[in-house]
Amino acid sequence: MKRFALILAAGKGTRMKTELPKCAFPILRKPMINYIVESVEASRIDETAVVVGHQREVLEDLLDGRVSFAYQDQQLGTGHAALAAESVLGGREGTTIILLGDMPLIDETIIDKAIASHETFENDLTIVTANFEDPEGYGRIIRDKYGRVEAIVEEADCTENQRQINEINTGLYVVDNALLFRTLRRIEKSERKGEYYLTDIVELLRDEHQVGTYAIREATKVMGVNDLYAISIAEKYLRDEINRRHMLNGVSMINPETITVGHNVTIEGNVTIMPNTTITGNSTIKEGAVLGPNTEVHNGVIHRDVTVRHSLVYDSIVNDRTTVGPFAHLRKNANIGRDNRIGNFVEVKKSSTGANTKASHLAYIGDAETGSRVNFGAGSITVNYDGVEKHETCIGDDVFIGCNTNLVAPLSVEDNVFIAAGSTVTDDVPQGALAIARNRQINKADYARNLVKPKHNRASAKPVDSKEPLAEAEWKSSK
Ligand code: UD1
Ligand code: CA
């Protein structure tokens, strides 16, 4: 028997009050719909259809090639959305699990268990339910005196008594595929909202078919996300889960509630992460590294025993034992060699360094290839931009670059070079040379006193009459 997943994701998400369609909204930088599709892919589902509508192209781009799409032209409710999938799933034999595009915490275990329960009890429709301490906003499960499900009633349509019910509809259903589409056609428009409620299939099926429920214990995993506050709750849940997994693997986290680690991040054991640190994208952190506090790594590879403090590392690599920060910025393919020191207020962009190179303070290294044992003095700049194009700087091994040096690219500095502080170097420097590119100093003997006349010297040049107030004495002496 084939198993299909039908995901409803055509809604605008009005309660989000954002431009982006709700199901595309990111949590830990990953769009909500991708969480759901990944869980479906990990489950025993054979084929997936996603119903799109509002800004359909955004979702179609996110899921390109992974699912089939159905189109709901007008958002007339969840029942209407499910029926739109007839173009993809209609006439097929099998079991369909319906999911909502706003339940990002769902996992494959819940999907598989719901299907297993549906099959074990030979149900025609299985509703996945949960008990919420605070059921606000969810449809309530109404049962008769024998405990059989009678209906699902949306909160806005509940009587005062029904509103007290804690058993809610998660929005996840397992149903025979052919029966589903036959029943969806029979749903009538709700008078109150003018929408077709998918939940109405319960009343349509309960008398002549077997309708059962499957209750989920981990209620948070089936939460629906309707607004930005719910996004923050889902994000906190995911963050805690991910951090817990890393901590159990031997990653030490100080104040973990301030630490955010994305899904595709690999962290080896014996790594320490300090407060206010975010590691996202395809990042890898190797053994012995210490990251943070106040550090961001996105698509970074941090090798063994590296320290990064108060710094940003984007799309860059830092090799063994190097220290970065405080307040350094590595970006766009910076590849920092081993045993380097990239210190205070240093920016490195699209550049590589060899081993044992140092830029300890206030430097900009951009579009440069740098050898080993190079020392960038404070204030060294690779001048890589002429206002139109970027140019490259090539620096050999064992080069000493004095403070406040401009290396005007394109430029090549060979091995064993010494560049005098304050130089603006525009010509290539050959191996072994001392480069000085600044005006020679002139000392004018005894000239300083013509320029330097501190006020107190002038005042004390004439003796001040002790009876005169000081201000007056100064005024007189200046006449
Ligand atoms: C729905 C359920 C409610 C359940 C809750 C669980 C209905 C009528 N209500 O309410 O019983 O407790 O989910 O979270 O089903 N969508 C479309 N087209 C539409 C309308 C919605 O594709 O015309 C999609 C949305 O993109 C969303 C999903 O369906 O992903 C759910 O819609 P939403 O408006 O969030 O339903 P709830 O009011 O939360
Ligand atoms: Ca919802």
Side-chain angles (χ1 to χ4, degrees), residues 5-16 18 20-25 31-37 49-56 58-59 62-63 69-85 98-106 110 125 127-132 134-142 149 151-158 162-163 165-173 175 180 183-184 187-204 213 216 219-231 233-234:
L6 166 49
I7 306 175
L8 309 183
K12 178 168 189 279
T14 313
R15 288 165 282 183
M16 296 283 284
T18 59
L20 206 61
K22 176 168 72 174
C23 303
F25 202 90
M32 230 184 329
I33 191 73
N34 288 65
Y35 285 92
I36 299 156
V37 168
V50 178
V51 182
V52 292
H54 178 75
Q55 288 191 38
R56 60 188 286 189
V58 175
L59 288 139
L62 288 173
L63 300 174
F69 292 103
Y71 181 52
Q72 184 195 22
D73 54 352
Q74 267 183 297
Q75 281 66 66
L76 296 178
T78 47
H80 184 259
L83 187 56
I98 303 175
L99 302 102
L100 305 181
D102 66 355
M103 42 168 65
L105 303 182
I106 186 90
I110 294 177
L125 166 67
I127 307 154
V128 179
T129 66
N131 267 295
F132 276 15
D134 175 12
E136 198 189 324
Y138 292 91
R140 308 295 205 279
I141 306 290
I142 313 297
V149 180
I152 298 172
V153 180
E154 291 308 296
E155 180 165 88
D157 302 318
C158 278
Q162 288 171 333
R163 202 162 290 146
I165 297 170
N166 293 91
E167 191 186 11
I168 60 100
N169 168 33
T170 63
L172 201 66
Y173 319 82
V175 57
L180 170 68
T183 315
L184 288 172
I187 294 179
E188 286 171 19
K189 215 182 229 184
S190 107
E191 275 178 26
R192 187 183 56 83
K193 261 192 112 182
E195 285 190 358
Y196 297 86
Y197 288 163
L198 172 57
T199 45
D200 284 356
I201 58 172
V202 176
E203 280 170 84
L204 294 171
T213 55
I216 292 289
T220 321
K221 290 203 166 173
V222 287
M223 74 176 281
V225 169
N226 295 322
D227 50 35
L228 290 174
Y229 178 63
I231 288 269
I233 293 174

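If you read the sequence from its start, that first residue is 1, and numbering goes on from there. Just so you know, ligand 1 is whichever comes first in the structure, and atom 1 is the first atom listed for that ligand. Everything quoted here is computed from the prediction, not taken from an experiment.
Protein N/O/S atoms found under 3.0 Å from the Ca ion (ligand 2), listed by chain and residue number: Asp102 OD2, Asn226 OD1.
When the ring pair (Phe, Tyr, Trp, His ring centres under 6.0 Å) test is applied to Tyr35, the partners found at least two apart in sequence or on another chain are His263. Glu195 pairs by the salt bridge (Lys or Arg N to Asp or Glu O under 4.0 Å) definition with Lys193, not counting sequence neighbours.
Looking only at side-chain heavy atoms (C-beta outward), Arg15 and Tyr229 stay at 4.5 Å or farther from each other. No side-chain heavy atom of Tyr197 sits under 4.5 Å from any side-chain heavy atom of Glu203. Here the side chains of Ile152 and Arg140 are not in contact, with every heavy-atom distance at 4.5 Å or above. Put simply, the side chain of Thr170 does not reach to within 4.5 Å of the side chain of Ile127, judged on heavy atoms.
Within 4.0 Å of ligand 1, protein heavy atoms come from Leu8, Ala9, Ala10, Gly11, Arg15, Lys22, Cys23, Gln72, Gln75, Leu76, Gly77, Thr78, Ala81, Leu100, Gly101, Asp102, Tyr138, Gly139, Glu154, Asn169, Thr170, Tyr197, Thr199, Gly224, Asn226.
A donor-acceptor pair shorter than 3.5 Å cannot be found between the side chains of Tyr196 and Asp200.
A cation-pi arrangement is not found for Arg56 relative to Phe69, the charged atom failing to lie both closer than 6.0 Å to the ring centre and inside a 45° cone about the ring normal.
Listed here is the closest heavy atom pair of Lys22 and Asp102: NZ-OD2, 2.9 Å.
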